[in-house]
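Just below is one structure, and these are the notes that go with it.
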Amino acid sequence: MRNEDNYWLRRASSGRFTRRRFVGGAALAGVGAASLGLVGCGDDDSGGTTPTSAPSGTTPAASASAAAASPTAAASAAVDGGVYVGAWLGGNVFDSVDVHRAFGDPTSWLSNYIINKVVRYKNPDTGEVEGDLAAKLPESPDLSTYIFTLRKDVKWQQTPLTNGRGLTSADIKWHFDRQANAKTKDGVDTPFRFSAVYKGIKVETPDDYTAKITLAKPSGGFLTQLSGYFSTVPNREATEKFEGDHRTLTEEAMPASHDFILKQWRAGKPINLARNPANSRKGQPHFDGLIYPTGIFEDPVAYRTAFEQKQVDAWGSPDASVTKAVLDAHKDTMSETLTGVGNTVFMHLNMNKQFKDVRLVQAMNQAFDRRAMIQTFHQGLGQVSGPVTWLQEGYAVKPDDLIKYAGYKTDRAAEMKDARALWAAGGGPALGDVDIKIPDTWLGPWPDTTQIIPKMLNDALGVTQFKSTKTTYNEEIIPNLSNGNFPNWFAWTSQVNSPDPRTDLFNTYNSTSPSNFQHVNNPDIDKLTVDALGTTDYNKGRDAALQVQDILLKNGMFGNVVLYNYISRGAYWNYVHPNLKTYPTAGKPGAGYNIFAGFLTGVNAWLNLKDPSATGRPAQTV
């Protein structure tokens with residue numbers, strides 16, 4: 001497709017692309033290919049409800065923009081029944097059945113269809129929060145105290161472990177305490193992904209339906225942290241039973257409290273979910289079930305074929321022009337979305353080992369040609385991201401300022417000259433062969449990456465020492481994050497989980513955080529990340545976050561090299577009513593959320609199998 005043929009591509013290529021502008025006419029949601037929420041590698045996107053006010057930490061303009069773009073389809077139009085089929089978890093690579101211990105996103109994403117959070121996003125893009133297990137937003141007599149009143153109608157799925165018991169405040173206390181202590185039931189110290197967030201929090205349970213939470217210090221990001229896709233509250237009995245074998249997939253490990261029950265979760269088999277008859281949210285979900293066919297995301301040709309034969313209900317090619325061609329061939333029976341990818345494209349360089357000298361990661365940051373890779377892999381649909389992505393516009397470095405930093409300048413000759421000088425000064429040539437590994441889930445849609453990345457880096461640095469080999473998230477990357485032995489790799493990193501990035505900056509770079517895998521120890525960053533989280537004043541929090549980013553951008557992000565976020569074109573059959581922020585109109589594609597909203601699937605998604613476009617669709621059951 002020529003640049004002049006597509007407005008969004010022209011904006012991305014110009015370097016003046018902004019999220020505010022993009023929200024008006026395209027989508028900001030998932031990953032890679034289109035599916036239930038029109039997503040891909042790992043994100044799932046859903047619709048939401050119109051906000052009534054801007055939450056703390058967001059701008060009124062952001063809230064108003066989201067309100068104007070909220071779904072207009074009436075709930076009364078929903079159709080019950082039918083089983084949705086698609087890659088609604090993107091690349092479903094699970095490293096644990098334990099949502100507290102899972103460092104990969106797919107377990108957390110899946111849990112959002114099965115179990116609840118204390119509170120959840122009402123509008124994920126603005127960060128507006130509403131009750132979930134909590135009947136309402138908490139009382140907060142001061143900036144460190146939150147008193148949650150829990151719903152009395154939430155019951156665990158009937159299993160031999162749960163006996164269908166009701167959820168109580170004791171479940172919330174265990175959920176907090178287990179992560180704060182970072183120990184399994186037998187007392188063994190265990191890496192927990194977000195343990196730093198929970199340390200120092202005191203939970204009291206004056207009765208079965210009241211949880212009083214006292215923070216060690218005020219936190220402007222506390223409620224948004226509890227609303228993140230990784231903050232689902234699992235069942236204690238099942239979680240503790242499978243602590244010793246938490247990597248073997250089994251549906252027994254995740255009893256439901258929410259919309260769907262896990263009917264099948266086994267290695268090498270489709271993931272099957274069925275409507276939870278005991279769901280306390282009456283009338284939800286509309287689907288009878290969801291099916292994720294095994295391996296379909298990793299095989300773009302098979303995925304496209306399955307979509308065109310209506311064996312799956314939504315799809316998107318890694319090559320946006322292919323998706324466009326299919327849409328053009330089925331103008332009357334398909335609809336289009338443009339979706340911003342929440343899983344940031346990322347290069348992780350191990351500063352504990354090969355890249356110990358900061359000049360080496362500075363050189364790599366400048367050697368990587370972000371704009372060329374957006375063009376190569378995504379046909380120009382995307383925009384470079386700083387340490388805080390352009391999806392989080394309120395806290396991100398502005399594009400006009402970002403292009404002044406090394407690695408983001410438009411003068412590639414100058415960038416390569418500086419990169420070569422840094423590489424030589426840091427002792428790069430003495431490193432010998434440098435392997436930038438590529439996870440297999442990325443290589444499914446982009447198999448040529450093992451040739452493209454080494455050539456780009458070798459050419460930029462004037463060397464012949466780079467190569468790329470295949471790796472896996474579960475076998476080589478994730479298990480070695482906490483011990484510092486992870487390889488150098490390029491692919492997607494974790495999903496953007498909030499419009500407010502302050503918690504992530506703390507988790508990644510504060511010296512006290514167990515998720516600081518590069519062991520960054522910078523007193524200025526430590527103070528600024530604490531200051532950023534410790535205020536409920538939006539301007540103060542943003543200013544501290546910008547100061548953190550200034551330090552990171554001058555130091556090659558200490559090896560956590562954020563590259564870009566791309567935009568995926570998706571297609572779905574018209575019999576599908578997906579989870580979108582806005583639905584397609586004449587000449588305009590649909591729009592999804594940039595922040596994960598799979599937990600809203602039960603509210604916003606359904607199938608109308610009486611629509612003419614459903615003719616020939618195979619019957620599906622779970």
Side-chain angles (χ1 to χ4, degrees), residues 13 15 344-380 382-387 397 402-439 442-443 446-471 476-477 486-493 518 520 550-564 566:
S13 299
T344 303
V345 181
F346 180 75
M347 181 169 58
H348 204 196
L349 305 172
N350 194 330
M351 289 198 71
N352 305 297
K353 291 186 174 292
Q354 202 166 25
F355 286 88
K356 290 182 179 180
D357 192 311
V358 72
R359 289 172 294 185
L360 297 177
V361 296
Q362 290 172 323
M364 294 288 284
N365 177 54
Q366 290 187 260
F368 198 102
D369 191 338
R370 290 163 166 86
R371 295 175 183 87
M373 292 302 98
I374 293 172
Q375 190 66 46
T376 298
F377 292 126
H378 318 292
Q379 296 75 54
Q383 183 180 343
V384 299
S385 287
V397 177
L402 189 60
I403 61 172
K404 299 173 184 176
Y405 285 96
Y408 296 89
K409 298 175 182 178
T410 56
D411 186 341
R412 281 300 299 164
E415 290 269 52
M416 290 191 292
K417 180 181 178 180
D418 290 346
R420 291 182 181 192
L422 287 164
W423 187 251
L431 296 180
D433 286 346
V434 179
D435 190 359
I436 306 297
K437 291 180 175 285
I438 316 293
W442 177 279
L443 291 175
W446 295 289
D448 294 337
T449 306
T450 51
Q451 288 79 49
I452 292 170
I453 296 299
K455 179 174 177 18
M456 176 187 62
L457 295 173
N458 282 324
D459 290 350
L461 294 171
V463 298
T464 59
Q465 60 192 115
F466 286 92
K467 64 178 183 178
S468 285
T469 58
K470 184 169 70 172
T471 188
E476 189 170 14
I477 296 174
F486 54 89
N488 306 308
W489 58 277
F490 161 88
W492 301 286
T493 189
Q518 302 282 19
V520 178
D550 180 68
I551 297 171
L552 297 177
L553 286 163
K554 291 174 179 175
N555 288 278
M557 287 169 270
F558 296 102
N560 302 308
V561 186
V562 174
L563 300 171
Y564 62 85
Y566 62 93

Query raised in the report: Would you say the side-chain atoms of R370 pair up with the backbone N or O of N365, donor to acceptor, closer than 3.5 Å?
Result: yes
Requested in this report: Give a yes or no on whether the ring-centroid distance for F490 and H348 is below 6.0 angstrom.
Outcome: no
Requested in this report: Check whether any side-chain heavy atom of W446 lies under 4.5 Å from a side-chain heavy atom of T376, and answer yes or no.
Outcome: no
Report task. Would you please name every residue forming a side chain to side chain donor-acceptor pair (under 3.5 Å) with R359, sequence neighbours left out? Result -> D357
Requested in this report: Could you list the residues that satisfy side chain to side chain donor-acceptor pair (under 3.5 Å) with D550, not counting sequence neighbours?
Outcome: Y405, K554
Report task. Without swapping roles, check the side chain of E415 against the backbone of T410 for a donor-acceptor pair under 3.5 Å. Result -> no
Requested in this report: Would you sort out whether V345 and W442 count as a side-chain contact (heavy atoms from CB on, under 4.5 Å), showing the intermediate values?
Outcome: CA-CA 10 Å; V345 181; W442 177 279; 4.1 Å; yes
Query raised in the report: What is the distance from atom OH of Y564 to atom OH of Y408, rounded to the nearest 0.5 Å?
Result: 12.5 Å
Requested in this report: Give the C-alpha distance, both sets of side-chain angles, the deciding distance and a yes or no for side-chain contact (heavy atoms from CB on, under 4.5 Å) between L552 and F558.
Outcome: CA-CA 7 Å; L552 297 177; F558 296 102; 3.7 Å; yes
Requested in this report: Taking all non-hydrogen atoms of both residues into account, name the closest pair between F466 and P454 and its distance.
Outcome: O-CB, 3.6 Å
Query - Ring centres under 6.0 angstrom apart (Y566, W492) - result: no
Report task. List in chain and number order the residues that pass side chain to side chain donor-acceptor pair (under 3.5 Å) with D459, two or more places apart in sequence or in another chain; answer none if no residue qualifies. Result -> K455
Requested in this report: Enter the distance from I403:CD1 to D411:CG here, rounded to the nearest 0.5 Å.
Outcome: 11.5 Å
Requested in this report: For residues V562 and G386, report the shortest heavy-atom separation together with the two atoms involved.
Outcome: CG1-O, 3.0 Å
Query raised in the report: So which heavy atom on Q518 is nearest to which on N352, and how close?
Result: O-OD1, 3.7 Å
**Report entry** Which atom of G559 lies closest to which atom of M351, heavy atoms considered
**Finding:** N-SD, 4.0 Å
Report task. Could you go through the side-chain contact (heavy atoms from CB on, under 4.5 Å) check for V561 and M364 one step at a time? Result -> CA-CA 9 Å; V561 186; M364 294 288 284; 5.7 Å; no
Query - M373 side chain near M456 side chain, heavy-atom distance below 4.5 Å - result: yes
**Report entry** Any residue meeting side chain to side chain contact (heavy atoms under 4.5 Å, CB included) with K470, in chain and number order, not counting sequence neighbours
**Finding:** D440, L443
Query - Closest non-hydrogen atom pair between G407 and Q366, with its separation - result: N-CG, 3.6 Å
Query raised in the report: How close do P487 and I477 get, heavy atom to heavy atom, and via which atoms?
Result: CG-CG1, 4.0 Å
Requested in this report: For side-chain contact (heavy atoms from CB on, under 4.5 Å), just list the numbers for L402 and L553, CA-CA rounded to whole Å, side-chain angles, deciding distance to a tenth of an Å, and then say yes or no.
Outcome: CA-CA 9 Å; L402 189 60; L553 286 163; 4.1 Å; yes
Query raised in the report: How about T471 and W489: does a side-chain donor come under 3.5 Å of a side-chain acceptor?
Result: no
Query raised in the report: So, the side chain of N488 versus the backbone of N350: is there a donor-acceptor pair under 3.5 Å, distance only?
Result: yes
Side-chain donor-acceptor pairs of residues 421-439 under 3.5 Å, sequence neighbours excluded:
{"unit_1": "W423", "atom_1": "NE1", "unit_2": "Q465", "atom_2": "OE1", "d": "3.2"}
{"unit_1": "D435", "atom_1": "OD1", "unit_2": "T469", "atom_2": "N", "d": "3.0"}
{"unit_1": "D435", "atom_1": "OD1", "unit_2": "T469", "atom_2": "OG1", "d": "3.3"}
{"unit_1": "D435", "atom_1": "OD2", "unit_2": "K437", "atom_2": "NZ", "d": "3.4"}
{"unit_1": "D435", "atom_1": "OD2", "unit_2": "T469", "atom_2": "OG1", "d": "2.6"}
{"unit_1": "K437", "atom_1": "NZ", "unit_2": "T469", "atom_2": "OG1", "d": "3.2"}

Query - K467 NZ to I453 CD1 distance, which is reported to the nearest 0.5 Å - result: 16.0 Å
Query - L563 side, atom CG; F368 side, atom CZ - distance, nearest 0.5 Å - result: 4.5 Å
Query raised in the report: For K353, what residues pass the side chain to side chain donor-acceptor pair (under 3.5 Å) criterion, not counting sequence neighbours?
Result: N485
